[in-house]
Amino acid sequence: MTQAHQGGARGWTGARKGVLSPLRFTSLRLRLVVVFGLVALTAAVSASAIAYWLNREAVLTRTQDAVLRDFEQEMQNRAGALPERPTQDELQHTAGQMAGSDQRFSVLLVGRDAEGRTVYGSSGGLNGFSLRDVPKSLRTAVNRTQQVDDANKYPYHLYWQRIVDHDTPYLVAGTRVIGGGPTGYMIKSLEPEAKDLNSLAWSLGIATGLALIGSALLAQAAATTVLKPVQRLGTAARRLGEGKLDTRLRVSGTDELADLSRTFNNAAEALEKRVAEMAARDEASRRFVADMSHELRTPLTAITAVTEVLEEELEAETGSMDPMIEPAVRLVVSETRRLNDLVENLMEVTRFDAGTARLVLDDVDIADQITACIDARAWLDAVELDAERGLHARLDPRRLDVILANLIGNALKHGGSPVRVSVREADDSIVIEVQDHGPGIPEDVLPHVFDRFYKASASRPRSEGSGLGLSIALENAHIHGGEITAANTPSGAVFTLRLPRGTSPAEEQPAEDELEPGSGGDRPRDEDAKGNA
């Protein structure tokens, strides 16, 4: 398939999806169309059924009344004029005359001649109308003699019945001549009326179909009118969720949807203002920390130089240091070093928050890097390494050293020896596990081990760590596209570092202040305790 054909196929597929997407089975638009259609179908079918039934009754009743009235009149005028004992020829002649009326029905006359024999006279229509064509129940009713009283003045009455023979409807009626005479039966085909009613049924069916189509179009139009503002609102809400806080809806009208759009605009405006205020405060806070850290560097440099001189005096064997002030000097040296580490960590956190932290990627042998980290901090006797040589990944060596130093140092401080570091491959990732043999991390502390300045115990507010080491390690893992997790095992706590092998971000030059002395791997970073992370 050529590229043009592929593009055309993709375009057709996209267009088809665009057409079908508004009518997906869970959409409100489809439900509106279905509900409108069901309501219209129910109304149309009900109206058509009522109209058909009323027209059917009207047509049949009108035809039936006209035929019965004509038949009754013919029986009175012609059959009533026959003698009480007519001959077959007389019955035949009279039946033919009666069938010649305006209604064009077939007639059967039944009587007894002078000799008491039953004689028949038929008009000859409809393949010879005979007594067999008359239902037995109708014959019984016609020949039954009624009691004459004030409410019933005649012993015989006219009876009728509608029957169907070979899918053709007929009207059958019968009566007797009062005072003696023949019994007359009539049959009339209702096929013309049935055809008219069928035509009416087809017309009503077509009208119902058109009503259904019209209701679907009306529902589509109504759904478009009602749902378009809802769709715009959904789109605006998605844009707002994506961080485009300047999203606003065009408001028109005074209905409920317009009120909803105004409410959304007001909420979006308030949210934009609140986020802008929070961003401004956050930026001011980061700037303050960064400025404070930079300002502290100058006096710290001088203080560090002085403490180094004092430390040399402490280590000297001349005994020139007054024993009374020696503890104070040692405290100053320790706290100065701790303050210097805290400033370095604060600057590192500030770079992460400002998004200026960059990677200097290189091809790293993981086992060599871990060995170098352990050796630089004199941890070879306390750490067991389980890693094969030759396992390479493209990482930032300095930041990997910071991660390892914090995780291993944390395990040594607050876990139990020996600390085991194992390395394995998993798909396209490198997994480094730091396992200690201590009591583990308390369950209430476990969710907070990577929080900044978190102290596991309020009784140790002046621990050696700054509470930033594990959070910095996690940020360094994130900037590589990796992750660090903490968990407890039966033998102690385990920290799992997962880093991608070849999917790291593009290599970039570091920020200028990241290469300043003291921020690299030439000395241990702040290896914070689990409880202080």
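What's counted below: heavy atoms across the whole structure, side chains too, no hydrogens, waters or symmetry copies. Just so we're clear, the structure is a prediction, and the values are computed from it rather than from any experiment. Positions are given from 1 along the sequence.
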How long is the straight-line distance from CG of Leu109 back to CE of Met186, given to the nearest 0.5 Å? 12.5 Å

With a cut-off of 6.0 Å (strictly less than), are more than 12 heavy atoms of other residues, nucleotides or ligands near CG of Asp167? no

Minimum heavy-atom separation for Val110 and Leu131, please, with both atom names. CG2-CD1, 4.3 Å

Okay, side chain of Arg139, backbone of Val134: is any donor-acceptor separation there less than 3.5 Å? yes

Is the count of non-hydrogen atoms from other residues, nucleotides or ligands lying under 6.0 Å from His392 atom NE2 greater than 12? yes

Within the distance-only criterion (no hydrogens, no angle test), does the side chain of Asn265 pair as donor or acceptor with the backbone N or O of Arg248 below 3.5 angstrom? no

Apply side chain to side chain contact (heavy atoms under 4.5 Å, CB included) to residues Val172 and Trp160 and explain how you reach the verdict. CA-CA 6 Å; Val172 183; Trp160 59 270; over 6 Å; no

Distance-minimising heavy-atom pair for Ser122 and Leu108: CB-CD1, 4.1 Å

Which pair of non-hydrogen atoms, one from Ala95 and one from Ser123, has the smallest distance, and what is that distance? O-CB, 3.8 Å

Hey, is Arg274 close enough to Glu269 for a salt bridge, meaning N to O under 4.0 Å? no

Does CZ belonging to Arg162 count more than 12 external heavy atoms closer than 6.0 Å? yes

Sub-3.5 Å donor-acceptor pair from the side chain of Ser261 to the main-chain atoms of Leu249, do we have one? no

Among residues at least two apart in sequence or on other chains, which ones pass side chain to side chain contact (heavy atoms under 4.5 Å, CB included) with Ala486? Ile441, Leu446, Val449, Phe450, Phe495

Going by side chain to side chain contact (heavy atoms under 4.5 Å, CB included), name the residues that satisfy it together with Glu242, two or more places apart in sequence or in a different chain. Lys244

Are the side chain of Glu425 and the backbone N or O of Val431 linked by a donor-acceptor pair below 3.5 Å? no

Judged by atom type as modelled, is there a donor-acceptor pair below 3.5 Å linking the side chain of Asp65 to the main-chain atoms of Arg62? no

Would you say the side chains of Thr145 and Tyr156 form a donor-acceptor pair under 3.5 Å? yes

Can you confirm whether more than 12 heavy atoms, excluding those of Asp427, are under 6.0 Å from its CG atom? no

My understanding is that only residues two or more places apart in sequence, or in another chain, count here; which of them pass side chain to side chain contact (heavy atoms under 4.5 Å, CB included) with Asn77? Gln73

Would the distance check show the side chain of Asp133 and the main-chain N or O of Phe129 forming a donor-acceptor pair, the cut-off being under 3.5 Å? no

dist Ser189:OG -> Arg104:CZ (nearest 0.5 Å) comes out at 14.5 Å

Roughly how far, to the nearest 0.5 Å, is CZ of Arg498 from OG1 of Thr485? 8.0 Å

Note: Leu158 and Gly174 closest approach over all heavy atoms is CD1-O, 3.4 Å

Arg176/Val142 under side chain to side chain contact (heavy atoms under 4.5 Å, CB included): CA gap, chis, key distance, verdict: CA-CA 7 Å; Arg176 293 189 63 175; Val142 168; 4.0 Å; yes

Kindly say whether Arg69 contributes a backbone atom to a donor-acceptor pair with the side chain of Glu72 at under 3.5 angstrom? no

Sub-3.5 Å donor-acceptor pair from the side chain of Asn476 to the main-chain atoms of Ile403, do we have one? no

At their closest point, which heavy atom of Pro182 faces which heavy atom of Ala79, and how far apart are they? CD-O, 3.9 Å

Decide yes or no for Arg262 and Asp259: does some side-chain heavy atom of the first lie under 4.5 Å from some side-chain heavy atom of the second? yes

Might you point out which heavy atoms bring Met98 and Phe105 nearest each other, and give the distance in Å? O-CE1, 3.7 Å

Test of understanding: with side-chain hydrogen bond (donor to acceptor under 3.5 Å, both in side chains), list the residues that count as partners of Thr235, not counting sequence neighbours. Arg238

Short side-chain to backbone donor-acceptor contact, Arg112 and Gly181, under 3.5 Å: no

Audit row: Thr496, Ile432, side chain to side chain contact (heavy atoms under 4.5 Å, CB included) steps and yes/no: CA-CA 6 Å; Thr496 303; Ile432 302 174; over 6 Å; no

Rounded to the nearest 0.5 angstrom, the OG-OH distance for Ser137 and Tyr159 is 11.5 Å

List the residues meeting side chain to side chain contact (heavy atoms under 4.5 Å, CB included) with Ala114, not counting sequence neighbours, and say none if there are none. none

Just to verify, what does Arg117 make a side-chain hydrogen bond (donor to acceptor under 3.5 Å, both in side chains) with, not counting sequence neighbours? Asp113, Glu115

If only atom types and distance count, is the side chain of Thr208 paired as donor or acceptor with the main-chain N or O of Val45 below 3.5 Å? no

Decide side-chain hydrogen bond (donor to acceptor under 3.5 Å, both in side chains) for Glu483 and His478; before the verdict, give the C-alpha distance in whole Å, the side-chain angles of both, and the deciding distance to 0.1 Å. CA-CA 6 Å; Glu483 185 60 66; His478 285 170; 3.2 Å; yes

Rounded distance [0.5 Å steps], CD1 in Ile430 versus CZ in Arg394: 14.5 Å

Can you see whether Thr489 engages Gln435 through a side-chain donor-acceptor pair at a distance of less than 3.5 angstrom? yes

Let me confirm one number: the CG-CG distance from Leu359 to Leu395, rounded to the nearest 0.5 Å. 9.0 Å

